[in-house]
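Here is the structure we will look at.
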Amino acid sequence: MPYTGNDIRRVEEKWQAIWAQKKTFKASVDSHKKKYYVLEMFPYPSGKIHMGHVRNYTIADVIARYKMMRGFNVLHPMGYDAFGQPAENAAIKRGVSPSEWTYRCIDDMRAGLKKMGFSYDWDRELATCDASYYRWNQWIFLKMQEKGLVYKKGSPVNWCPSCATTLANEEVSNGACWRCKNEVVQKDLEQWYLKITHYAEPLLEDLRTLNNWPSRVVAMQENWIGRSFGTDIYFRIKGADDVITVFTTRPDTIFGATYVTLAPEHPLARKLSRGTPQEVAVAAFIEKSAHISKSLRMSGDARKEGIFTGGYAVNPVNGEEVPVWIGDYVLMEYGTGAIMAVPTHDQRDFEFARTHNLPMRVVIQDPAHPSVTPQQMSKAYEESGVLVNSRQFDGVSNEDAKKNISEWIAAQKMGRLTINWRLRDWLISRQRYWGTPIPMVYCEACGIVPVPYDQLPVKLPENAPITGSGGSPLAKVKEFVDVQCPKCGCEARRETDTMATFFDSSWYFLRYCSAHNDKEIFDAKEAAYWMPVDQYIGGIEHAILHLLYARFFTKFLHDIGLVVVDEPFDRLLTQGMVLKEGEVMSKSRGNVVDPDEVIATFGADTLRVFILFAAPPEDQLEWSPAGLEGNWRFINRIWNVVENRYRPVAAGNGMPDADDKKLEFERNAAIKKVTDSMEGGFKFNTAISAVMVLMNAVDKFQVPDGAPAKQAALNKAVETAVLLMAPFIPHAAEELWQMMGKNDASVAFVAWPTYSDDALKTDTVRMAVQVNGKVRGEFEVARDADEAVLRPIVLADEGVQRHIAGKDIKKFIVIKNKLVSIVV
RNA sequence: GCCGAAGUGGCGGAAUUGGUAUACGCGUCGGUCUCAAAAACCGAUGUCCUCACGGGCAUGUGGGUUCGAGUCCCACCUUCGGCACCA
């Protein structure tokens, strides 16, 4: 009977019920067993699970189940990243409270996850919107505050008008909001920040230890943190006490600095113009720059607008007085907001200088044009060369000069060596309701006061008016806002912003270690046992955002002595997207395939096999109904063999014939191939194909009536196939294991099959013969045959003779058991 | 511009890391079974020349190393992703 519709549902539901009832996948600390922590990036509960979830979690589940069979003590938890804006949008649109909507979605997600048969320890399930979870967000915030890593400051921030909230730098991509894709604007606001920059160095350096992360993720984080070594150089203002500090990575060009450029926002920009004829024009220019959006100002074809301040600065290396300009291409937020301009050797400065008719001087000689004058140049010379016009450094290569000049400048106190980071502190306050309240209180007398630890959690009130616009909803909840100052007891008011939801997900992997601890954030001993996460799986979209924040939190919690490790995720796998007709599945495109419908016809096991077989886990995956059916057929073939050909038999003890040996070879080869595929980076597609090859051999293998030895050989091969497939098709595997009369409680913990190298050594091998690099023949010869044996056989062959007849044999190369290469 | 990943049949993709390129699956074609169809099973399937035996050409392009290159080296091309007026 084929394994179809109702049958599949019956079997899958049966085993899901058994796993739930017996808590088959409950994990607990066992110091005698080696642990393995498998984690997938937990979902935002927005409704039912989709194919992206299915792929992500199937990958994780197969790894978890494989490791169980390998004897590891596996922790495989699941939870919900439950705070966030969609819940508020749902509240506005449907009139349900964010809480109600979220918990309803969680129920739907959970049902979908259970239907897939994932091996979670459900006792560790958590949702970040539970007060039992977010109180520890507040706890971490206060700890960070205690350690000086939290501050509030007013400055220009990223503001998404459509989401009506601030955004972290990491949440802005190409000037657009990561969530709604609308344009982000700058706004001056006072906001809470976490000093992630305090960890810039270890966050960058420790990337080198993450050898099991995809190199592109490492590269992306490197780019994001963006360290550049350089030199700060002090330019005194002529006729004033002020000093302009410029940052440069090209101190070798200092003698070619013919002017200085300030960002429009630079504090000295306006000041320098005071009392000069430029004063009015400068004020107008600064005003104008302030009103141009950042993305427009930074856009590719920028025009290099600027204006002379009227002031002059002194180049410390040669005492030269150079004009100070304001240029819109200089950014206040990078370096010092001021640069020394070297138009001959920096393309941007070159364009600016040409536009505004500023002086230039060549200080690095282009070997191809040794006597070129600035007037003759059509662009800046940014390559290497020898210094000229640079006094005592003339004749030095610019590579050496970088070091020599910067050290000389530092020694002369004309500047100092410095490091600049691209990474900015993490803006975490959001003007939204559905998030963790920031545990701070404003008191007239005491200022900003942290909520004492024993008053946690600061609970999110149920009844805030949510409109999606017009400031923090919590500000309108009087009972929430009004509070006594924890310090002096006077009337005070609570902070009404909530935390960015990336705060919640920055440490959830630690909470899983003791998910229901209500005394501490987590049990340090449990965390010491389970951490780090051995294998983390999730989408590439978190390459910077979540993965950077989680690393930051882990380092902080390590530094305050709570966790042993200082990197949370040992191995990282970023799964590819699921496409249909070449496009990402999405509601707006109307090309989504509902996992439920697939499960209803073919079962979760088929869906799992399809999604793993169709492409390597990191690659994009194209949805294919035909492929899905092919994978269902494959499961059916195993099912049919167990049902129709597997017969319990007393171990036969006849001599194995050639067929038996062949089957035993295939069985061992399959074990080796599947094991290697799993160990060598979870190449599920080749693992499954190896079992397909084994099943092809099983199908060909004949068992005549009354041949117990042959029956036993077949049984052994079928049992192996079921075990090798067990991580992939957990429901069918359990059922088949039972059908074969095994009485293990669950196939999930039956030991992974092992292979013997002896069985893989056949008596004879097929070898190819090449003549002058081209394959001209094939031979079946005894294993390990050497040249003495091979030479006569090979040379006698007609096909080979045809190509070597009448020619001298120059070389006769034997690659044992593989091929013979003849050169004539 | 800088950094990262990748280019293999009609399609998804294999290739023990320098050793018989195209495993496995999908699709297509042919066959068995059937009144017929579906399902299932069996066989064929890179491409060109040849009735055939055979042979030529094929892993983005062009070179190189080697008895032997999808794999190593050099120079390109294309695609995807990240960063970017970052001084």
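Here the structure is a predicted model, which is why all the values come from computation and not from measurement. Just the heavy atoms: all of them, side chains too, but no hydrogens, waters or symmetry mates, feed the values below. Each chain gets a letter, A, B and so on, in the order its sequence line appears, and its residues count up from 1.
- If you take CG of A:L331 and P of B:C86, they are 8 Å apart, rounded to a whole angstrom.
- Between A:K304 and the phosphate of B:A87, there is no side-chain N or O to OP1/OP2 separation shorter than 4.0 Å.
- Aromatic ring pairs are classed by plane angle as parallel below 30°, tilted from 30° to 60° and perpendicular above 60°; the pair A:F352 and A:Y329 is tilted.
- Pairing partner, B:C51: none, since no Watson-Crick or wobble contact has both distances short of 3.5 Å.
- Proximity of A:K818 to the phosphate of B:G19: no side-chain N or O atom is located under 4.0 Å from OP1 or OP2.
- Within 4.0 Å of A:P214, counting heavy atoms only, lies no atom of the nucleic acid at all.
- Remark: A:R571 fails to qualify as a cation-pi partner of A:W213 under the 6.0 Å distance and 45° angle criteria applied to the six-membered ring.
- Taking atom P on both B:C41 and B:C57, the two are 40 Å apart, rounded to the nearest angstrom.
- Rounded to an integer number of Å, the gap from A:N636 CG to B:C41 C1' is 14 Å.
- Among the protein residues, A:E778 comes within range of the nucleic acid bases, having at least one heavy atom under 4.0 Å from a base atom.
- Residue-level contact check: A:Q770 touches the bases, meaning some heavy atom is under 4.0 Å from a base atom.
- Relative to the side chain of A:A614, the nucleotides B:G19, B:C24, B:G12 differ in distance, and B:G12 lies closest.
- Following rounding to the nearest Å, A:E618 (CD) and B:C80 (P) show an atom-to-atom distance of 21 Å.
- With respect to A:E778 and A:R766, a salt bridge is recorded, a charged nitrogen being found less than 4.0 Å from a carboxylate O.
- Ion pairing of A:E583 with A:K580 is absent here, as no side-chain N (NZ or NE/NH1/NH2) approaches a carboxylate O to less than 4.0 Å.
- Taking the P atom of each, B:G55 and B:G60 are spaced 26 Å apart, rounded to whole Å.
- Within 4.0 Å of A:S624, counting heavy atoms only, lies no atom of the nucleic acid at all.
- In this structure, B:A75 and B:U61 make a Watson-Crick or G-U wobble pair, each of the two defining distances being under 3.5 angstrom.
- Residue A:K774 is in sugar-phosphate contact alone, with no base atom involved, counting any heavy-atom pair closer than 4.0 Å across all strands shown.
- Distance from the side chain of A:K700 is smallest for B:G43 among the nucleotides B:C67, B:G43, B:U20.
- Taking atom CZ of A:R802 as the reference point, atom P of B:G56 lies 11 Å away to the nearest angstrom.
- Taking a cutoff of 4.0 Å between a charged side-chain nitrogen and a carboxylate oxygen, A:R227 and A:E201 qualify as a salt bridge.
- Ring geometry, A:W623 versus A:F610: the interplanar angle exceeds 60°, so the pair is classed perpendicular (tilted spans 30 to 60°).
- A 3.5 Å limit on both hydrogen-bonding distances identifies no Watson-Crick or G-U partner for B:A14.
- A:R776 comes within 4.0 angstrom of the backbone, heavy atoms only, and of no base.
- A 3.5 Å limit on both hydrogen-bonding distances identifies B:G27 as the Watson-Crick or G-U partner of B:U45.
- Between A:R633 and the phosphate of B:G25, there is no side-chain N or O to OP1/OP2 separation shorter than 4.0 Å.
- Atom CD of A:E382 and atom C1' of B:G1 are 9 Å apart (whole Å).
- The base-pairing partner of B:C80, taking Watson-Crick or G-U wobble contacts with both distances under 3.5 Å, is B:G4.
- If you check B:C85 for Watson-Crick or wobble pairing at under 3.5 angstrom, you find it has no partner at all.
- Distance, A:Q801 CD to B:G54 P: 16 Å, rounded to whole Å.
- Look at A:N696 and you'll find a side-chain N or O under 4.0 angstrom from OP1 or OP2 of B:G25.
- Contact check, A:S173 against B:G82: no side-chain N or O comes under 4.0 Å of OP1 or OP2.
- Across all strands shown, nothing is found opposite B:A36 as a Watson-Crick or G-U wobble partner with both distances under 3.5 Å.
- Proximity of A:R637 to the phosphate of B:A40: no side-chain N or O atom is located under 4.0 Å from OP1 or OP2.
- Here A:R637 pairs with A:D699 in a salt bridge; the nearest charged N to carboxylate O distance falls below 4.0 Å.
- Both distances falling under 3.5 Å, in either a Watson-Crick or a G-U wobble arrangement, occur for no nucleotide opposite B:U20.
- Note: CG (A:L628) to C1' (B:G12) measures 14 Å, nearest angstrom.
- Per the geometry, CE belonging to A:M692 stands 13 Å off C1' belonging to B:A14, to the nearest Å.
- Contact annotation: A:N685 side-chain N/O to B:G12 OP1/OP2 distance is not under 4.0 Å.
- For A:H803, a side-chain nitrogen or oxygen approaches OP1 or OP2 of B:G55 to under 4.0 Å.
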